[in-house]
Amino acid sequence: MKARGPLDPRFVAEVRSRLLEKWNRGHRDLPWRRRRDAYAILVAEVMLQQTRVETVVPYYERFLRAFPNLRALARAPLPRVLAAWSGLGYYRRARMLREAARTILSRHGGRFPETYEEVRALPGVGRYTAGALLSIAFGKPFPVLDGNVARVLSRLLALRGDPRRNADRLWSVAASLVPPRAPGEFNQALMELGALLCAARAPRCPACPLRTGCAARQGGGVVARPAKSRERERPVRQEGAESVNTPPAPPFAPSRSSRFLASLRGSKAANASGQPAPRTVRAKPRGKRRPPAAVPVVDVAVAAIWRGDEYLVARRPLRPGTHLPGCWEFPGGKRRPGESARACLKREVAEELGVEIAVRPEFLRLSHRYEDRIVRLTAHRCRILSGVPRATGGQDEIRWVAVERLGALRFPPANRPILERLLAFRRSRSAGS
DNA sequence: TACTCGTGGTT
DNA sequence: TAACCAAGAGT
């Protein structure tokens with residue numbers, strides 16, 4: 001192993017103060033940031049593992065309402081915990097979180113452990129979560145290294161290679177950076193920087209408090225970092241191959257102050273050519289063409305929104321003159337030109353039912369020939385993310401209906417295969433368990 | 001070490 | 001559209 005020298009203390013001090021200053025000027029108001037008790041932080045950190053902040057928020061609030069404290073969670077039957085977790089993914093996390101709560105009750109008498117070894121020993125608590133917990137809930141200077149921090153530090157120090165191989169180095173850098181005071185704020189500031197400014201694809205370098213000390217920015221390899229685990233085989237252009245790595249943000253005049261942090265870090269920061277990189281012009285991959293049809297073809301997206309064993313269906317108005325009056329159907333509608341099925345469903349369901357949904361992968365695609373047109377439909381399973389469905393789009397009525405009773409309702413012919421598929425889901429599920 | 005676990009969003 | 005990515009952990 002190479003003995004890399006420790007970071008310059010002045011560099012460390014500068015990074016700390018700039019990050020904390022930024023944090024104190026303002027940060028996102030997230031529900032778990034409103035409390036400091038270890039239980040709430042633990043729940044948040046586990047939910048946040050490999051899961052976006054925006055996804056976690058509604059689950060977090062519901063979960064804490066259902067299980068407001070350690071005891072409530074430890075005592076809760078596992079199926080209830082899993083139900084509250086349903087839709088978040090990585091369900092092992094839910095089991096381990098409950099197990100951790102039980103461990104704290106049995107092994108620590110209900111008092112949250114405060115040493116690294118004890119916290120780390122809890123089920124589902126790895127190096128990251130232990131560091132987050134100890135720094136945020138208990139104000140202890142342990143580092144965190146998540147995807148955000150790895151990216152920020154890789155860029156800040158212009159590390160080469162796969163961040164996974166650099167993990168040791170990154171952990172040690174993170175450890176040198178955490179300040180003894182306000183380590184929790186510092187760690188969150190570092191992650192928030194990675195989430196909001198030092199983003200993977202479109203970094204907002206001009207707004208970054210560390211920009212003048214960022215080696216990648218001075219070397220021009222910001223978006224190229226961190227390197228991917230496996231370099232893609234890409235046709236390499238003869239000239240200007242490097243230009244691919246140029247940040248998409250407009251080039252900035254090299255600032256006078258950029259020498260400040262760079263000198264502390266000891267970067268040699270070779271001066272990049274002052275020329276803006278030539279833009280790569282890509283041929284548009286468009287050009288799909290549909291064969292001329294005797295009758296119009298209509299693209300339709302259908303949402304099978306489920307809750308337990310029930311699906312949400314709506315009834316078309318009885319008013320004569322409407323197409324298929326009084327027929328039941330799944331929510332959805334016509335796709336607009338160029339609109340993805342996913343976007344279409346989110347839009348249609350918001351309009352028709354006033355709720356926000358998550359669209360899961362397509363489970364059925366078919367076309368149905370009516371007399372006057374051909375309907376091509378794609379069906380997705382969907383879940384409600386927020387809101388309570390109401391008939392806001394002119395339907396006669398909406399209803400949650402158990403799968404096996406769907407058959408009793410009158411559906412348009414094109415929807416029949418959907419019913420069959422949903423019934424098949426149900427059968428395979430009950431047979432599987 | 002490298003794989004698996006879920007789901008939603010992004011490009 | 002397909003691949004990649006997201007406040008990782010366990011095996």
Side-chain angles (χ1 to χ4, degrees), chain A residues 27-28 30-33 40-60 82 85-97 99-100 119-133 135-137 142-152 162-165 167-168 170-171 174 184-196 198-202 223 226-234 248 282 284-288 338-343 345-346 356-362 365 378 380-386:
Chain A
H27 48 261
R28 288 180 289 181
L30 301 172
W32 47 89
R33 289 183 176 166
I41 303 298
L42 175 65
V43 171
E45 290 305 334
V46 172
M47 283 191 169
L48 285 164
Q49 289 166 6
Q50 293 289 286
T51 310
R52 290 168 186 273
V53 167
E54 311 83 68
T55 306
V56 166
V57 170
Y59 282 90
Y60 176 81
L82 289 172
W85 204 273
S86 170
L88 246 195
Y90 287 134
Y91 297 98
R92 185 170 54 175
R93 293 183 300 176
R95 292 192 199 90
M96 290 193 296
L97 182 57
E99 214 43 53
V119 170
R120 183 71 178 71
L122 295 171
V125 177
R127 202 168 170 184
Y128 163 81
T129 306
L133 204 50
S135 63
I136 298 171
F142 286 89
V144 295
L145 182 67
D146 69 339
N148 289 313
V149 176
R151 186 172 54 253
V152 171
D162 185 348
R164 300 181 74 94
R165 256 195 62 64
D168 286 344
L170 289 169
W171 272 107
E185 286 82 351
F186 177 85
N187 283 338
Q188 293 183 81
L190 201 50
M191 292 190 278
E192 182 135 320
L193 180 71
L196 301 183
C198 196
R201 300 221 171 91
V223 293
K228 290 179 181 156
S229 47
R230 260 216 206 97
E231 283 304 329
R232 282 289 192 71
E233 288 301 319
R234 292 206 122 202
R282 279 182 304 180
K284 294 201 171 179
R286 295 255 166 218
K288 254 194 221 165
E339 185 181 47
S340 70
R342 180 169 246 137
L345 286 177
K346 284 182 171 282
E356 182 193 2
I357 55 167
V359 180
R360 297 179 53 184
E362 173 187 323
R365 176 185 299 207
T378 57
H380 292 251
R381 281 165 71 81
C382 300
R383 289 186 70 88
I384 293 180
L385 288 175
S386 66

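Chain naming here is simple, since letters A, B, ... match the order of the sequence lines and numbering starts at 1 in each. Quick caveat: nothing in here was measured; it's all calculated off a predicted structure.
L190(A) is not listed as a side-chain neighbour of V144(A), based on a closest heavy-atom distance of 4.5 Å or more. Two residues are said to be in side-chain contact when any heavy atoms from C-beta on lie closer than 4.5 Å; K346(A) and C382(A) fail this criterion. Side-chain contact between L30(A) and V53(A) is present, with at least one heavy-atom pair separated by less than 4.5 Å. Between R28(A) and E192(A) there is a side-chain heavy-atom pair separated by less than 4.5 Å. Counting heavy atoms from C-beta on, the side chains of R95(A) and W85(A) never come closer than 4.5 Å.
Comparing A195(A) and G124(A) by the nucleotide of DNA chain C whose heavy atom lies nearest to each, the residue mapping closer to the 5' end is A195(A). With DNA chain B read from its 5' end, the first of the two nearest nucleotides for E54(A) and L88(A) is the one closest to L88(A). In terms of position along DNA chain C, the nucleotide closest to V53(A) lies nearer the 5' end than the nucleotide closest to the other residue of the pair M96(A) and V53(A).
In this structure, R381(A) places its CZ atom 15 Å from P of dG6(B), rounding to the nearest Å. In this structure, L42(A) atom CG and dA9(C) atom P are separated by 11 Å, rounded to whole Å. Summarising the geometry, the separation between CG on L196(A) and C1' on dA6(C) is reported as 13 Å, rounded to the nearest angstrom. Remark: P of dT11(C) and CZ of R95(A) are 12 Å apart, rounded to the nearest angstrom. Atoms CD (Q49(A)) and C1' (dG8(C)) sit 5 Å apart, rounded to a whole Å. Distance L145(A) CG to dA9(C) C1': 14 Å, rounded to the nearest Å. For the pair F186(A) CZ and dA7(C) C1', the computed distance is 15 Å after rounding to whole Å. Taking atom CH2 of W85(A) as the reference point, atom P of dT7(B) lies 13 Å away to the nearest angstrom.
Look at K346(A) and you'll find a side-chain N or O under 4.0 angstrom from OP1 or OP2 of dG9(B).
To the nearest whole angstrom, the two P atoms, one in dC4(C) and one in dT4(B), are 15 Å apart. Here, dG8(B) and dA9(C) have their P atoms 22 Å apart, quoted to the whole Å. Taking atom C1' in both dA6(C) and dC5(B), the straight-line distance is 14 Å, to the nearest Å. Between dC5(C) and dG6(B), the two C1' atoms lie 13 Å apart (nearest whole Å). Between dA2(B) and dA7(C), the distance separating the two P atoms is 23 Å to the nearest Å.
Nucleic acid contact class of L190(A) (heavy atoms, under 4.0 Å, all strands): none.
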Side-chain polar contacts of residues 121-131 of chain A - donor-acceptor pairs under 3.5 angstrom, sequence neighbours left out - could you list them?
from	atom 1	to	atom 2	distance (Å)
Y128(A)	OH	E45(A)	OE1	2.6
T129(A)	OG1	Q49(A)	NE2	3.0

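The local environment of CZ in R365(A) is sparse, with at most 12 non-hydrogen atoms from other residues, nucleotides or ligands closer than 6.0 Å.
The side chain of N148(A) has dA7(C) as its nearest neighbour among dG8(B), dC5(B), dA7(C). Closest to the side chain of Y90(A), out of dA7(C), dG10(C), dG6(B), is dG6(B). When the nucleotides dA7(C), dT11(B), dG8(C) are ranked by their closest atom to the side chain of R201(A), dT11(B) comes out on top. With distances taken from any side-chain atom of R52(A) to the nucleotides dG6(B), dA6(C), dA7(C), the minimum falls on dA6(C). Taking every side-chain heavy atom of R92(A) into account, dA9(C) is the closest of dT10(B), dA9(C), dA7(C). Nearest to the side-chain atoms of Y91(A) among the listed nucleotides dG6(B), dA9(C), dG8(C) stands dG6(B).
Contact of T51(A) with dG6(B) (side chain to base): a donor-acceptor pair of N or O atoms is detected under 3.5 Å.
For Y60(A) and W32(A), the distance between ring centers is under 6.0 angstrom.
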Item to check | For DNA chain B, the dot-bracket pattern of Watson-Crick and G-U pairs whose distances stay under 3.5 Å, | for other-strand partners | outcome: .||||.|||||
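Residue A195(A) comes nearest to R151(A) through the heavy atom pair N-NH2, 4.3 Å, listed as atom of the first residue, atom of the second, then distance.
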